[in-house]
Amino acid sequence: MTVVPADRLLPTGYRVVSRSVETRDSVTMTLVPASEPPMPLPRFTPGQFMMLYAHGVGEVAISVSGDPSRTDGTLVHTIRDVGAVSRALHDAPPGTIIGVRGPFGQGWNLPAGSDRDLVIVAGGVGLAPLRPVVLAALAAREKFRRLTLVVGARSPADILYRSELAAWQARTDLTVELTIDQPIAGWTGGVGFVTESLHRVDVDPEHTTALLCGPEPMMRFCARALTDHRVSPRDIQVSVERNMQCGVGACGHCQLGELLLCRDGPVVDYATAEPLLRVPEL
C-alpha cells in the first residue's frame, strides 16, 4: 500500500494577485502564497501541473504556465472556462484564495548538449503548458542549436500570449510560426492546420527533440509529420491529459493503458503514447 504524504493531499492557500484576459474563454492568473510568512509549494518543472481548488465548487488539474526560474513561490496558470470548476477559477477576481496542491506529474525532458534542435508545437491552449519550456529554453539559449516554435489556433482571437509572441517573433535566435485554421481579413500570418506549418520546418532527424501539446488528433498528426521526417518517436514528447482527480496515482481516473497519467505523465514520449492513442475511446 502506497502512503501519500499529507502535504500532497491537503491544499495550500494561494491568493490571486492578477488576472489577465487572454481570449474569450481563457485568462492567465498569478497566484502567491496566502500565508504569512509565505509557505510556497515546491518549485515546478515545465510540463507539471497543480491541482487547483475553488472553494465550495471542486478541484481540477491545471498545468503551470509561468516562468520556472522564479524562486519566490509565485504560480502562473492559464485557465480555460470549460466546466463548473474551471469557470469558478476563471472568474475568480484578485484577492480570491484558491487551494493549491502539487506540483504533480512528469514534465518535459529537455535535451542535453548543444547539438540538439528543439521544435515546440502548440495547438490552441496547448501553448500554456509549453510556455515554461520556451522561457527556460530562451534563458539557456546556448544549450540548443536551433529553436523553433509552431503555434496554431482557430483564429487570431484564440491565440494566447499575443504580446509575448510578438516579442518572441522579433528575436533572431528563435523561429516562430503562427497559423490559423481559416483565412480572415487583416491576418498576415500562416493559414492552415499546424501540421502544414510543421511540414515547412527544416528538421534534422538525427538532432531534433520535439515537444507537442494540444488536442490529441493534432498531436497524432504532428507526430506523424515528424516521423515522416525520420524523427524517432523516442525524440517526440506529447502531453497526454485525462481526468486527473487526485494527482498522486491513487484514484485511477487518469489511467491510459498501463499508465496513470498524473504519476507517469502527463508528458510521455511518443513511442509510449502512440499505441495507446490509436485505440478508439481508450
Side-chain angles (χ1 to χ4, degrees), residues 22-28 46-49 60-65 77-83 85-87 90 105-108 119-134 148-162 165 176-182 184 189-199 201 210-228 231 233 236-244 253-257 259 261-262 265-282:
E22 298 284 351
T23 69
R24 58 183 174 78
D25 60 3
S26 300
V27 300
T28 295
Q48 287 189 303
F49 66 94
V60 68
I62 303 289
S63 296
V64 187
S65 52
H77 291 275
T78 297
I79 301 171
R80 186 181 180 195
D81 175 2
V82 293
V85 181
S86 60
R87 182 174 303 117
H90 172 281
Q106 304 297 317
W108 306 102
V119 177
I120 302 168
V121 186
V125 293
L127 182 56
L130 285 166
R131 180 174 177 261
V133 170
V134 179
T148 303
L149 172 64
V150 181
V151 177
R154 285 175 295 182
S155 73
D158 294 304
I159 297 174
L160 301 177
Y161 318 129
R162 277 170 280 182
L165 277 168
V176 179
E177 297 276 352
L178 287 181
T179 186
I180 59 173
D181 291 352
Q182 300 292 333
I184 190 171
V191 176
F193 295 125
V194 67
T195 47
E196 297 174 42
S197 294
L198 185 56
H199 274 297
V201 173
L211 314 181
L212 315 179
C213 189
E216 285 185 10
M218 181 223 88
M219 291 193 292
R220 289 200 303 271
F221 285 118
C222 287
R224 188 176 304 165
L226 288 163
T227 55
D228 286 346
V231 178
I236 302 169
Q237 299 171 40
V238 295
S239 181
V240 187
E241 298 185 3
R242 285 296 188 271
N243 183 18
M244 301 177 188
H253 284 88
C254 66
Q255 185 171 4
L256 178 65
L259 304 177
L261 291 173
C262 70
V267 177
V268 296
D269 64 56
Y270 196 63
T272 300
E274 191 275 335
L276 299 173
L277 294 180
R278 66 175 138 92
V279 179
E281 300 186 9
L282 181 60

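Just so you know, these numbers come straight off a predicted model, no measurement behind them.
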task = Locate the shortest heavy-atom distance separating Leu130 from Ala122; write the atom from each residue and the value.
result = CD1-CB, 3.7 Å
message = More than 12 heavy atoms of other residues, nucleotides or ligands under 6.0 Å from CZ of Phe221: yes or no?
response = no
key: Leu226 side chain reached by Tyr270 side chain, heavy atoms, under 4.5 Å   = no
task = Go through the structure and list residues passing side chain to side chain contact (heavy atoms under 4.5 Å, CB included) with Ser239, not counting sequence neighbours.
result = Trp108, Cys213, Glu241, Pro266, Val267
query = If we only count heavy atoms from C-beta on, is the Val151 to Thr179 side-chain gap below 4.5 Å?
reply = no
ask   = Has the side chain of Glu274 got a donor or acceptor atom that lies under 3.5 Å from a matching backbone atom of Ala271?
value = no
message = Do the side chains of Asp81 and Arg24 get close enough for a salt bridge, i.e. N-O under 4.0 angstrom?
response = no
query = Taking the side chain from Gln182 and the backbone from Ile184, do they hold a donor-acceptor pair closer than 3.5 Å?
reply = no
query = Between the main-chain N or O of Ala225 and the side-chain N or O of His199, is there a donor-acceptor pair closer than 3.5 Å?
reply = no
query = Any side-chain heavy atom of Val27 sitting closer than 4.5 Å to one from Glu22?
reply = no
ask   = Salt bridge check: are Arg80 and Asp25 linked by an N-O gap of less than 4.0 Å?
value = yes
inquiry  = Testing the 3.5 Å rule here: is there a donor-acceptor pair between the side chains of Thr78 and Ser26?
reply    = no
note = In short, Val240 meets Leu261 closest at the heavy-atom pair O-CD1, 3.4 Å
